[in-house]
Every structure is written in C-alpha cells, then in structure tokens.
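Everything on this sheet refers to the single structure shown next.
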Amino acid sequence: MKKIMITGACGQIGSELVEKLRRDYGTDNVLATDIRKPAEMTGPFEILDVMDAEKMMQLAQDFEADTLMHMAALLSATAENNPVFAWNLNMGGLMNALETARKLNLQFFTPSSIGAFGPSTEKENTAQDTLQRPTTMYGVNKVAGELLCDYYYTKFGVDTRGVRFPGLISNVTLPGGGTTDYAVEIYYKAITEGHYTSYIAEGTYMDMMYMPDALDAIVDLMEADGDRLVHRNAFNITAMSFEPSQIAAAIKKYIPSFEMNYEVDPARQEIADSWPDSLDCSAAKEEWDFKANYDLDRMTKDMIEKLTLKLKNQAS
Ligand code: SER
C-alpha cells in the first residue's frame, strides 16, 4: 500500500482509519472520500457518492491510487428499516468499488460482519466456513459481498481482502444505525448521566472489538503475504464476547455509581438474536497472525479515560 483511497471516510471506522493510515503512510498518500465533507479534515478529501461509478474511477485514477478501501455502507438496523435502499447502496457501491479495483489493478479491502451469519449458524465458536443464512437485509448484503470479493479474486485476480468485523467500540466517531451500538452508547451515558437504558436484553452475547485492534487488523491483513492467504475475504475476527450486564459490571469498576436498566427494542433484539455469540478466529491467526490487544477491562479503562477528557473539552 502506497497510495490509498477510502470511501465512507467520515463513518465510524473510516474516520479513524484515515487518521491511522495518514500517520503510517503519509498524509498526502491517503485520499479520504465521503458523501459529505467533514467539519474537520486536513489532507486530501473529495466528495464522493459511491453510487457514482464514473467519479469513483476518476478520483482513483487522478490520485494514482494503488489501494482502495471501501467502507461506505448502511449498518444493520438502518438497512432493516429501508431494505431496498440498503440493497442499492451496499451492493451498488461495492460493485462500483470492485470494478474500480479491477480496471485500475488496485489492492482492495472491504469489511464483512458478524451479520453475515443467521439463526441456523452455530452460536458458539462459529467456524470460519459454516452455514450462512442471515435473516436481515444487511446480512444478505454481507454474504453477497463476501462472495463477490472472492469472485473478483478468482475470476479477475483482483487482490481482494476482508474481515468479518464484530461490533466495534470507539471514542471518536459514533456508529449509526447498528445493532451493536449499545456497547458504545453505554460509555457516553455512563459518563454524562451515570445511567444507561439498554435496548439489548440481558444475556444476549455478541462479539466485540476495540477500534485500535480493528484498525491494526485492516493494516495487518493488507500487508500480509498474499501467498499465505487461503481465505482472503471475510476472515472471522473478534477480541471479546459479552452481554449487557458484563459491560455494565466492567464500567462499574471505574464508575461505581453507574446503573443500567433494560427497555428492549424488539427490532434490534431480533437482529442480535440471529447473530453468533462468539466467533472462532483461528483462520485469521493462522493465515496472517491476527491478534487483539484489548479485552473488556482494558478497553473500558481506556474508553472511560479518553471519553471523559473528550466530553470535558467539548463542554468547555
Ligand atoms: N456493528 C454492526 C451492526 O451492528 C455489525 O457489523 O450493524
């Protein structure tokens, strides 16, 4: 990777990925694109609607990109509320990005998700290669996307790579419209109000990961020796698996007065219930040495420290 173009650069992952890549590869070697211009962005930025295939190609060509990271997508709960739009954006955007990569011979990354599994998948230690019959539009998009990326590699030789991300927790940009968002919101509310009402029911386990580990995973996979990769796309990765009362207990260690209650949102609960409890990520470990550094306690300590500072600065 020398000249990297990113779509969805203002999203939850994109906003931090751009910063990391600019630190590692040089500001001018990373072109951030999104449908709207962020309030603060230093370094190359262009407005791009991922449905505009021609503009995507032109921007990548003018930038002389050698890598395309396609991050623009609707998350699970939003996609469920507008399935036709989700199909058009998630699949149309991905096709445009893959075609750009094929025509310009770019290395390619796009994320899949735990949402690519469904209720008939085994819940615990979910295997890398297993039954995938998701019951959400987001999941349908992710499975189709995984297959498309494999197809572009086998058919056209495009160097496609990707992971199945679990819920991602970060203190920079809020996620929007996901099922796992509760695990981010809870930290904000713990600090500002000392209380959180969880829309996910007690006992609902989902895989999660702290953003620094997610960003390292992207770079490690992209820099990995391609000859070692058997799977290439859709590697299971995870750092921890917890349910709401466990994250609440972890927060209570640092904010002893914190309290949580439940008001379950049936729509998002149904999505969560259809996903695995915990993924097996041995393929990622074997093929490109995946590792995660943050467990629930270490992440919680860091989240509370960083968010407290951020929210204090915002208030002053
Ligand atoms: N975090 C995503 C969501 O909840 C899952 O990939 O939609």
Side-chain angles (χ1 to χ4, degrees), residues 1-4 6 12-14 16-26 29-30 66-71 101 106-117 121-122 124-130 132 142 145-147 149-150 152-154 157-170 180 206-242 275-303:
M1 292 196 289
K2 291 199 169 60
K3 298 274 279 179
I4 308 159
I6 301 176
Q12 191 204 10
I13 306 175
E16 289 186 62
L17 183 60
V18 167
E19 293 307 313
K20 179 187 169 58
L21 293 173
R22 285 186 171 160
R23 278 194 304 272
D24 293 358
Y25 296 86
N29 294 323
V30 179
D66 67 2
T67 304
L68 178 59
M69 296 191 174
H70 178 58
M71 312 305 289
L106 311 180
Q107 197 189 14
F108 186 81
F109 176 89
T110 202
S112 184
S113 154
I114 49 171
F117 298 109
T121 309
E122 72 274 13
E124 277 167 37
N125 214 22
T126 303
Q128 174 66 42
D129 302 308
T130 188
Q132 288 181 265
K142 288 300 182 190
E146 291 180 2
L147 294 172
C149 289
D150 281 350
Y152 267 71
Y153 171 67
T154 50
V158 179
D159 186 1
T160 57
R161 303 184 184 199
V163 296
R164 292 186 184 123
F165 275 131
L168 296 181
I169 294 158
S170 63
T180 57
M206 285 184 276
D207 283 289
M208 302 280 176
M209 184 180 281
Y210 198 30
M211 190 60 88
D213 281 334
L215 302 179
D216 284 346
I218 295 175
V219 172
D220 289 349
L221 174 57
M222 292 301 275
E223 295 287 6
D225 175 0
D227 290 342
R228 284 181 66 196
L229 302 181
V230 179
H231 288 88
R232 306 202 68 89
N233 294 293
F235 281 99
N236 282 0
I237 59 170
T238 185
M240 60 195 100
S241 166
F242 57 74
W275 290 353
D277 289 356
S278 62
L279 298 186
D280 166 23
C281 36
S282 50
K285 288 178 182 161
E286 274 159 32
E287 293 174 38
W288 50 280
D289 307 317
F290 162 72
K291 62 174 179 350
N293 292 313
Y294 287 88
D295 61 13
L296 178 57
D297 188 58
R298 190 164 170 225
M299 173 180 77
T300 298
K301 186 170 182 290
D302 199 59
M303 274 297 280

(request) State whether the side chain of Ser241 and the backbone N or O of Asp277 hold a donor-acceptor pair below 3.5 Å, judged by distance alone. (result) yes
(message) What's the separation between atom OG in Ser282 and atom CZ in Phe235, rounded to the nearest 0.5 Å?
(response) 11.0 Å
(request) Quick one: list whatever passes side-chain contact (heavy atoms from CB on, under 4.5 Å) with Ala217, sequence neighbours left out. (result) Ile237, Trp288, Phe290
(message) So does Met1 get a backbone contact from the side chain of Asp66, meaning a donor-acceptor N/O pair under 3.5 Å?
(response) no
(request) Could you tell me the separation between the CG atom of Asp280 and the CG atom of Asn125, rounded to the nearest 0.5 Å? (result) 4.5 Å
(message) Please check: side-chain N/O of Glu16 versus main-chain N/O of Met211, any donor-acceptor pairing under 3.5 Å?
(response) no
(message) When you measure from the side chain of Glu122 to the backbone of Ala127, do you find a donor-acceptor pair of N or O atoms at a distance under 3.5 Å?
(response) yes
(message) Donor-acceptor pair, distance only, cut-off 3.5 Å: does the side chain of Asn29 make one with the backbone of Tyr25?
(response) yes
(request) Would you mind reporting whether Asn233 and Phe108 have side-chain heavy atoms less than 4.5 Å apart? (result) no
(request) Looking only at non-hydrogen atoms, find the nearest pair between Gln132 and Ala116 and report the distance. (result) NE2-O, 3.2 Å
(message) Within this structure, what is the CD1-CE distance for the pair Ile13 and Met71, rounded to the nearest 0.5 Å?
(response) 4.0 Å
(message) Could you measure the distance from the CG atom of Leu21 to the CE atom of Met222? Nearest 0.5 Å is fine.
(response) 9.5 Å
(message) Could you measure the distance from the NE2 atom of His70 to the CD1 atom of Ile6? Nearest 0.5 Å is fine.
(response) 12.5 Å
(message) Side chains of His231 and Gln128 only: does a donor on one sit below 3.5 Å from an acceptor on the other?
(response) no
(request) Show the numbers, then the answer: is there a side chain to side chain contact (heavy atoms under 4.5 Å, CB included) between Arg232 and Cys149? (result) CA-CA 9 Å; Arg232 306 202 68 89; Cys149 289; over 6 Å; no
(message) Do the side chains of Lys291 and Asp289 get close enough for a salt bridge, i.e. N-O under 4.0 angstrom?
(response) no
(request) For Pro166 and Thr238, work out which heavy atoms get closest and say how close. (result) CG-CA, 4.1 Å
(message) Quick one, Asn236 with Phe117, criterion side chain to side chain contact (heavy atoms under 4.5 Å, CB included). Give me CA distance, side-chain angles, the key distance, then yes/no.
(response) CA-CA 11 Å; Asn236 282 0; Phe117 298 109; 3.6 Å; yes
(request) Mind checking the OG1-NZ spacing from Thr67 to Lys2? Nearest 0.5 Å is all I need. (result) 9.0 Å
(request) Take Thr126 and Trp275 through the test side chain to side chain contact (heavy atoms under 4.5 Å, CB included) and record every step on the way to the result. (result) CA-CA 10 Å; Thr126 303; Trp275 290 353; over 6 Å; no
(message) Checking the side chain of Arg161 only, and the main-chain atoms of Ile218 only, is there a donor and an acceptor separated by less than 3.5 Å?
(response) no
(message) I need the single residue from Glu146, Lys142, Arg164 that forms a side-chain hydrogen bond (donor to acceptor under 3.5 Å, both in side chains) with Ser112. Which is it?
(response) Glu146
(request) Go through the steps to decide whether Met299 and Leu296 satisfy the test side chain to side chain contact (heavy atoms under 4.5 Å, CB included), and finish with yes or no. (result) CA-CA 5 Å; Met299 173 180 77; Leu296 178 57; 4.0 Å; yes
(request) Can you label the angle between the Tyr210 ring and the Tyr294 ring as parallel, tilted or perpendicular, going by 30° and 60°? (result) perpendicular
